[in-house]
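Every chain is numbered from 1, with letters handed out A, B, ... down the list of sequences.
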Amino acid sequence: MSEEGYDHTAVERRWQEAWAEADAYRTPDDAEDPTYVLGMFPYPSGKLHMGHVRNYTITDAYARYRRMQGEDVLHPMGWDSFGLPAENAAKERDSNPRDWTMDCIDTMRGQMESMGFGYDWDREVTTCEPEYYQWNQWLFEQFYDEDLVERRAAEVNWCPDCETVLADEQVEGEDEHCWRCGTIVEQRELDQWTLGITEYADELLSAIDDLEGWPDSVREMQRNWIGRQEGSRVEFSVEDHGPVEAFTTRLDTIHGATFFALAPDHPISEELAAEDDDVAHFVEEVADPDGDEPNGVETGLTATNPATGEEVPVFVADFVLSDVGTGALMGVPGHDERDHAFAERMGVDIVPVVAPELEGDEDPEAPDVSEGAYTEDGVLVNSGAYDGLSSAAAREELTADIDSAEFHTQYRLRDWLISRQRYWGTPIPVIHCDDCGPVLVPEEDLPVELPEFINTTGNPLDAATEWKHISCPECGADAVRETDTMDTFVDSSWYFLRYVSPDLADAPFDVERANDWMPVDQYVGGLEHAVMHLLYARFVTKAIADMDLLEHREPFTNLLGQGMVQLDGEKMSKSKGNTVSPQRIVDDYGADTARLFMMQAARPDTAFDWSEEGVKSTHRFLGRLAETVRSFAGSDAVVGTDPGDGAEADAADATAAYVRSEVDAAVAIATENFDDLGFDLATREAQQLVGTLRSYREYVDAVHAPTFRRGLETAIKLLAPVAPHLTEELYAELTGEDAGLLVDAEWPTAAVDIDEAEKRRQLVENTREDVRTIVDVAGIDEPERIDVVVAPEWKHRALSIAIDSDAPNLVGELMQNPDIQRHGSAAADYAKDLQAEREALRPTLSPDAEREALEAAAWLVEREFEAPVRVLPAEEANDDAASKAEPGRPAIDIAE
RNA sequence: GCGAGGGUAGCCAAGCCUGGAAACGGCGGCGGACUCAAGAUCCGCUCCUGUAGAGGUCCAAGGGUUCAAAUCCCUUCCCUCGCACCA
């Protein structure tokens, strides 16, 4: 008989409408500390892809689960809708970015609805609307007032394809390519706006330790990115040029500093290049900062080593980077591999000044550094008065003793460059006046709205002359607007706050409500944002907190980085042409199938392969589920069914008792897994329960209706977060009109704990396997009767005494117990067994629970071997069998 | 080079934090029930040996801790990701 399946299109549409009608996902403003579940909002590129579907299925399933647990839930969605693709698309189509973006948003919102994602659309946030981006401008001005905004001339990353600058975080890989388009970036010198994220470097770093709900990988990447290093600044006096500052983490090695090196673009190098052809030639022709070889040129100058007073040669070298430290360094070839290589090439002295620490009183001996540097900490030698000090102590003392030296902590993190030479972004609210310089647009004049799009080769804002020319707010003179817009990561650095009060007209967010609702409890998204978005959001949250606008200093309590959806082990991508269209899957199999397949395929944070076979199998499962519910709901059995758990209805029905215990087990296990986002295991459990119910239905003439009904209702509820449409439909068919919507229904509770449930399953499974093994190994063709004999009570007692006992002689202790002792040699034998395995003993089910579990499962054995099964207490069985039975391992006797 | 995360049966993938049963589930393969047949569904098997539930070998490789290790510790190899002439 074939499964007829179900009409997924009709079912899904029906319930999407019903949910909308009921406003099922609305989070009222007076909700108290709702569970805040958030997926990273998408860039509206036009169509949902599988990555989106996975991301948003995870948040939706979790949000639905929490809601069924009785929690208020905040689960909003919005659009990260500024950005270059819209501008490019507009140019290609001779349209404008706004219309194109809005079309994309409409399409994607429709697709999200058809996936059944339950968002509170009243809280939708769209960053390209002035109602949103005015607050980017407002925040920019607050940051300005807090001295967190700077305009500075700097060497910046320029993407020639995007025709704009990029922040350091947006340049990726060894080849330094643009994060968005992959083009190799160039350097340009420009006046640009930056936000002072470095002010927060220390806190951004140290607070990572407390982000226990974040993946280690992300925490580590952020630590690396911030790149805190403790060391000392020290000045070397360069002949004719005065003191030059260098940074070092190894001031203890300063007595071995035998040269001094400057970056090719260090101011002194540039001065020297102007008058020295060799230096100029090196800087312009030879220097190769990306090469493996440390190249350099002798300047002929010397510098004074402040520790030794000696004159050491000064080089311009390409391995010295102007944006690391001070762009100048002291070279210690004895204790740094790269300095060593350079010194060998240039013929500079190599002097060991740190020796390995030795045991006992032996005098430390300078290491041989002729072939390679000794880079470990140790004990100082060749360092005059500092000889014998440990490296750590020497760093302290030298920093104190050398006049120009001071402790300094250095970061790799740079300020966040937010200027972009693009149209489709938030205008930076600044006016440039020849007399007054850059002036903020007065708060009452915000927002600075984007002018009409002009299709031009440069920045359209430059071409918008009418918009651009304005009078200075301070002196009234003719002035021009800033034509750079903000990095779109500014938009996403605080959008999670806007959802709290999306329509608020006089502030970016409602402070009191944000204090109650934030932080986001569960954030889900791709880890390509591990540094960029997630670091900016943390920074902005902290800065806002310091403006007394928020009591929270971290935005996201728990972070899940969802894994990729792959095809044949490869990432799906348009360029590879190996994408699977979510739309097609929804058309062919329905949203529930797509969602359930994805959630059961793997844990949400691991990559998995898309499999059409798997999708089909999931679809067939949903068909079986529908058939099972419908044939029951449409039968006479359901009439007059008490919706209680039915446990008391017919205690003698062992098969029904088995089903009930499996229902409890499924609830206990699925609930625990939902709690920690283990959707694969949770849905598996629910699917297994459906299988159990179907086996039960097939085996008995008539199911015990209350039990069966509870089983179905449980399966429906356990699957509801992942496959909401079909379960809603079946819930209505099973419970009738009055029960209300499944989205609002209560999560089921289990009568057993996981430990108990697993012990039962283990016992049943082991016993069934033992029967199979015996039948197989003994070559029994058609068993006549199968007896399962439960261990006598006294053995259970002996076992539990043995587990608790720490007596040296266990046999002796057990035999002192009269209840055990009176079983004579059988007791002695068992006691010896227990003694032998003493350390490995583990608690089993109680004798009653064990017998009950076996009786309940007897039908499985009867069905499989087509022979009657008796579960007997030891007293009723023959002595031979009874003597073999042990707690957790019943004796089995099969008659042929 | 530094750092993080991994390597589990033919394949995918749980378990590892909190040590205790050849190790969940799916796919593929094999056998059986149902069927004229196919599909679907259902019941088993799928490391080796074994005529009563046993024995052996096993979770990248090697070593260690422990009564007991896929699980804890160390070393090595391989994979993935991030950072990197970082002073």
*Could you go step by step and tell me if A:Phe632 and A:Phe708 meet the ring pair (Phe, Tyr, Trp, His ring centres under 6.0 Å) rule?*
CA-CA 9 Å; A:Phe632 176 76; A:Phe708 200 74; 5.1 Å; yes

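- Using C1' as the reference atom, B:A70 and B:U18 are 15 Å apart when rounded to the nearest Å.
- Contacts of A:Leu527 with the nucleic acid, taken as non-hydrogen atoms under 4.0 Å apart, are absent.
- Side chain of A:Arg838 to main chain of A:Ala802: no donor-acceptor pair is present (N/O by atom type, distance under 3.5 Å, no hydrogens or angles).
- The same atom, P, is picked in B:G25 and in B:G15; the two are 14 Å apart, to the nearest Å.
- The nearest heavy atom of RNA chain B to A:Met221 and to A:Ala895 marks one nucleotide each, and the one closer to the 5' end goes with A:Ala895.
- Using a 30° and 60° split on the angle between ring planes, A:Tyr699 and A:Trp859 fall in the tilted class, from 30° to 60°.
- Regarding contacts with the backbone of B:A87, every side-chain N or O of A:Ser232 stays at 4.0 angstrom or more from both OP1 and OP2.
- For A:Arg870 and A:Asp787, the salt-bridge test passes: some basic side-chain N is under 4.0 Å from an acidic carboxylate O.
- Counting non-hydrogen atoms under 4.0 angstrom, A:Asp216 reaches the backbone sugars and phosphates but no base.
- Along RNA chain B, the nucleotide nearest A:Glu176 and the nucleotide nearest A:Thr249 are compared for position; the residue whose nucleotide lies closer to the 5' end is A:Glu176.
- A straight line from CZ of A:Phe608 to P of B:U80 spans 21 Å, rounded to a whole angstrom.
- Taking atom C1' on both nucleotides, B:A37 is separated from B:C47 by 36 Å, rounded to a whole Å.
- Among the protein residues, A:Ala257 comes within range of no part of the nucleic acid, since none of its heavy atoms lies under 4.0 Å from any strand.
- If you check every strand for non-hydrogen atoms under 4.0 Å, A:Thr606 touches sugar and phosphate atoms only.
- Between B:C86 and A:Arg338, a contact under 4.0 Å exists linking OP1 or OP2 to a side-chain N or O.
- To the nearest angstrom, C1' of B:C81 lies 10 Å from CE of A:Met564.
- Between the P atom of B:G44 and the CG atom of A:Asp770 lies a distance of 15 Å, rounded to the nearest Å.
- Straight-line distance between the C1' atoms of B:A9 and B:G26: roughly 14 Å, to the nearest whole Å.
- Enclosure of atom CG in A:Asp209 by more than 12 non-hydrogen atoms of other residues, nucleotides or ligands within 6.0 angstrom is indicated.
- The P atoms of B:A68 and B:C2 are separated by 35 Å, rounded to the nearest whole Å.
- Between A:Arg863 and B:C42, a side-chain N or O to OP1/OP2 separation shorter than 4.0 Å is absent.
- Side-chain N/O atoms of A:Arg412 include one lying less than 4.0 angstrom from OP1 or OP2 on B:A84.
- Put simply, CD on A:Gln410 is 12 Å from P on B:C86, counting in whole angstrom units.
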_Could you write out RNA chain B as dot-bracket? Rules: Watson-Crick or G-U wobble, both distances under 3.5 Å, brackets [ ] for crossings, | for pairs with another strand, dot for unpaired._
((((((((.[[[..)....(....]]]((((((.......))))))(((....)))...[[[[[..)....]]]]])))))))....

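- For the C1' atoms, the distance linking B:U8 with B:C43 amounts to 28 Å, nearest Å.
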Protein-nucleotides 24-33 of chain B N/O pairs under 3.5 Å:
| residue | atom | partner | partner atom | Å |
| --- | --- | --- | --- | --- |
| B:C24 | O2 | A:Arg684 | NH1 | 2.6 |
| B:C24 | N3 | A:Arg684 | NH1 | 3.3 |

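- In terms of phosphate contacts, A:Arg603 brings a side-chain nitrogen or oxygen within less than 4.0 Å of OP1 or OP2 of B:G15.
- Using cut-offs of 30° and 60° on the angle between ring planes, the pair A:Phe342 and A:Phe319 is perpendicular.
- The aromatic rings of A:Trp610 and A:Phe608 sit tilted, their planes meeting at an angle between 30° and 60°.
- The nearest whole Å value for the distance from the CD atom in A:Glu864 to the P atom in B:G53 is 18 Å.
- A:Asp605 comes within 4.0 angstrom of nothing in the nucleic acid, heavy atoms only.
- We find that CD of A:Glu612 is positioned 16 Å from C1' of B:C12, with the value rounded to whole Å.
- Rounded to whole angstrom, the span from the CZ atom of A:Arg842 across to the C1' atom of B:A21 amounts to 9 Å.
- In this structure, A:Asp776 atom CG and B:U51 atom P are separated by 10 Å, rounded to whole Å.
- Here A:Arg624 reaches the OP1 or OP2 of B:C42: one of its side-chain N or O atoms lies under 4.0 Å away.
- Atom C1' of B:G53 sits at a distance of 31 Å from the matching atom of B:U41, rounded to the whole Å.
- Under 4.0 angstrom from either OP1 or OP2 of B:C12 there lies no side-chain N or O belonging to A:Ser611.
- Nucleotides B:G19 and B:U66 place their P atoms 16 Å apart, quoted to the nearest Å.
- Residue contacts for A:Glu337: at a heavy-atom cut-off of 4.0 Å it reaches no nucleic acid atom on any strand shown.
- For the pair A:Arg889 and B:A52, the criterion of a side-chain N or O lying under 4.0 Å from OP1 or OP2 is not met.
- Residue-level contact check: A:Val775 touches neither bases nor backbone, having no heavy atom under 4.0 Å from any strand.
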